[in-house]
Novice: 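Here's a structure for you.
Only a predicted model underlies this, so the values are computations on that prediction, with no experimental measurement involved. Below, chains carry the letters A, B, ... as their sequence lines are ordered, and counting in each starts from 1.
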2 protein chains.
Amino acid sequence: MESDCSLCPYISVAEAKLDGCQLKQLSENHIVVGFKKGDSIIKQGTYSTNIIFLRKGLVKIHITGPYSEQIVKLAKPPTYLGLPTTFGAKVNQYSITALEDCEVCFIDITVFRNLLKESEHFSYEIIQALCRYEIESFRRCANRTQKLTRGNLADVLLDFANNIFQSDVFIVPISQTEIGNLIDTSRESVSRMLSEFEKDGIIRTTGKQMEIINKKSLELISQNG
Amino acid sequence: MESDCSLCPYISVAEAKLDGCQLKQLSENHIVVGFKKGDSIIKQGTYSTNIIFLRKGLVKIHITGPYSEQIVKLAKPPTYLGLPTTFGAKVNQYSITALEDCEVCFIDITVFRNLLKESEHFSYEIIQALCRYEIESFRRCANRTQKLTRGNLADVLLDFANNIFQSDVFIVPISQTEIGNLIDTSRESVSRMLSEFEKDGIIRTTGKQMEIINKKSLELISQNG
DNA sequence: ATAGTTTTGTGATATTCGTCACATTGTATA
DNA sequence: TATACAATGTGACGAATATCACAAAACTAT
């Protein structure tokens with residue numbers, strides 16, 4: 001499936017800096033691929049041969065740590081996936097898996113490099129994006145390692161509500177085991193703490209659906225552990 | 001103090017891609033500044049107005065976490081410092097402090113941006129460097145959060161010996177408190193474990209000097225916690 | 001040198017959280 | 001609908017490590 005990037009509603013900030021001719025290059029050298037929930041989009045250890053742009057659906061970025069799987073972060077559109085790998089290493093340094101049905105653009109790396117060359121605005125936007133990612137990951141790591149588990153769990157729920165779904169009612173997109181992998185704790189602890197939050201009237205759960213009732217409390221827990 | 005970049009022995013990989021004229025721009029628009037051990041080179045929260053290149057001396061990159069100071073990593077020359085901040089945010093997102101006497105180039109940001117514009121090779125190298133940093137920080141974070149403290153401490157010592165000083169005998173450049181901030185543990189635990197390592201004949205310490213006697217053991221501890 | 005400050009060593013105790021075990025519920029598929 | 005498999009809830013227990021307390025040592029600056 002090929003499509004005209006100049007008409008695409010999911011275009012990235014960087015791509016918005018391209019002119020018509022450059023967008024045409026992009027249009028002619030990418031394909032849009034659908035992934036089903038659970039599908040692997042990038043697999044750690046395989047060669048990375050394309051630039052990947054997420055235009056629809058939620059994904060998790062995860063790496064095989066020394067002992068267990070670590071979910072680095074969840075990502076939602078519009079965002080490039082795997083840029084660090086593509087430019088910084090030959091093989092993928094992490095895996096990306098679809099948490100919902102996704103649509104993804106595979107962009108030819110030669111074309112992408114050419115665009116970096118041709119458009120200084122484009123490459124500047126990419127540099128900026130990379131810089132923001134890195135700052136974000138410093139902070140995320142500091143939080144994860146310093147906060148108590150309670151605080152980290154609160155952060156995850158706030159991230160769901162404030163960023164990912166932008167609603168205080170949402171379907172939790174990952175299992176408790178995965179939440180554990182995200183905040184470096186065990187499934188059991190996640191379960192216990194969610195029960196606590198529910199008992200304390202902070203959240204209400206119905207199956208996979210969760211409603212945040214008392215966001216103030218969650219924010220306090222996020223701050224004070 | 002101004003100097004001719006084309007003669008500088010500390011030039012970065014990216015700068016090596018510049019032509020004579022571009023290097024001249026760089027030469028004319030940067031100053032070299034010396035910092036004493038303990039001096040603050042970048043302070044979190046202040047405006048970032050220059051590109052900073054470390055050409056001599058060891059530094060620590062640290063951020064104020066939710067509870068305590070977190071040392072993100074140690075950095076040695078040749079490397080840019082604070083690139084992420086300069087392009088991704090207006091104010092510095094972390095602090096950088098000299099652990100030894102340092103020499104640092106302050107490069108005018110407009111000139112640097114201009115070089116990014118003019119030289120695709122230069123900007124590509126910068127992109128690559130940013131990508132490598134990010135991959136590295138994913139991995140570092142996964143290690144830190146998953147490994148037991150013993151394993152993390154072993155990693156720090158191996159990093160000193162293999163990367164930073166490239167010798168199995170070195171002067172430990174940071175205090176035990178700082179080692180604790182680096183691997184997210186308490187000063188006391190660091191002290192106890194170093195004593196253990198010494199008792200087990202893995203290291204020998206004489207004041208601030210440390211000698212790694214049994215690197216194999218350290219590597220095993222790094223792997224198995 | 002010496003007083004003051006920082007760094008380090010070490011014991012006792014408390015806390016957090018992981019692990020194991022098993023019951024229960026939910027979900028997918030034949 | 002029945003069956004299997006995945007996800008979740010919950011108790012008991014133990015391991016790792018933080019915290020507190022204080023002493024000793026090392027470093028710094030007047």
Novice: Does any part of the side chain of A/K73, heavy atoms only, come nearer than 4.5 Å to the side chain of A/E136, both counted from C-beta?
Specialist: yes

Novice: Check DNA chain C for consecutive Watson-Crick or G-U pairs with both distances under 3.5 Å and list the runs of at least three as stems.
Specialist: C:1-30 with D:1-30

Novice: Would you say B/T205 and B/E198 are linked by a side-chain donor-acceptor pair, where the criterion is simply a distance under 3.5 Å?
Specialist: yes

Novice: Could you give the start and end, 5' to 3', of the contact zone on DNA chain C for chain B, using atoms under 4.0 Å from its heavy atoms?
Specialist: C/dT8 to C/dA12

Novice: Can you check whether A/Y80 and A/F112 have ring centres sitting under 6.0 Å from each other?
Specialist: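 Distance test on ring centres: under 6.0 Å, yes.
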
Novice: Just checking A/K215: does its NZ atom have more than 12 heavy atoms from other residues, nucleotides or ligands closer to it than 6.0 angstrom?
Specialist: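 Yes, enclosed.
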
Novice: Between A/S191 and D/dT8, is there a side-chain N or O to OP1/OP2 distance below 4.0 Å?
Specialist: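 Checking A/S191 against D/dT8: no side-chain N or O falls below 4.0 Å of OP1 or OP2.
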
Novice: Main chain of A/K76, side chain of A/T79: is a donor-acceptor contact present, judged purely on distance under 3.5 Å?
Specialist: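 No, the answer is negative, given that no donor and acceptor are paired below the 3.5 Å cut-off.
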
Novice: OP1 or OP2 of D/dA16 versus the side-chain N and O atoms of B/S189: is any pair under 4.0 Å?
Specialist: no

Novice: Is any side-chain nitrogen or oxygen of A/Q176 closer than 4.0 Å to OP1 or OP2 of D/dG9?
Specialist: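 Affirmative; the distance criterion is met.
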
Novice: Between D/dC13 atom P and A/R192 atom CZ, what is the distance in whole Å?
Specialist: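 In whole Å, D/dC13 P and A/R192 CZ are 14 Å from each other.
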
Novice: Going by distance alone, is a donor N or O of one side chain under 3.5 Å from an acceptor N or O of the other, for B/K60 and B/N181?
Specialist: no

Novice: Judged by atom type as modelled, is there a donor-acceptor pair below 3.5 Å linking the side chain of B/K147 to the main-chain atoms of B/S222?
Specialist: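 Looks like yes, one N/O pair under 3.5 Å.
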
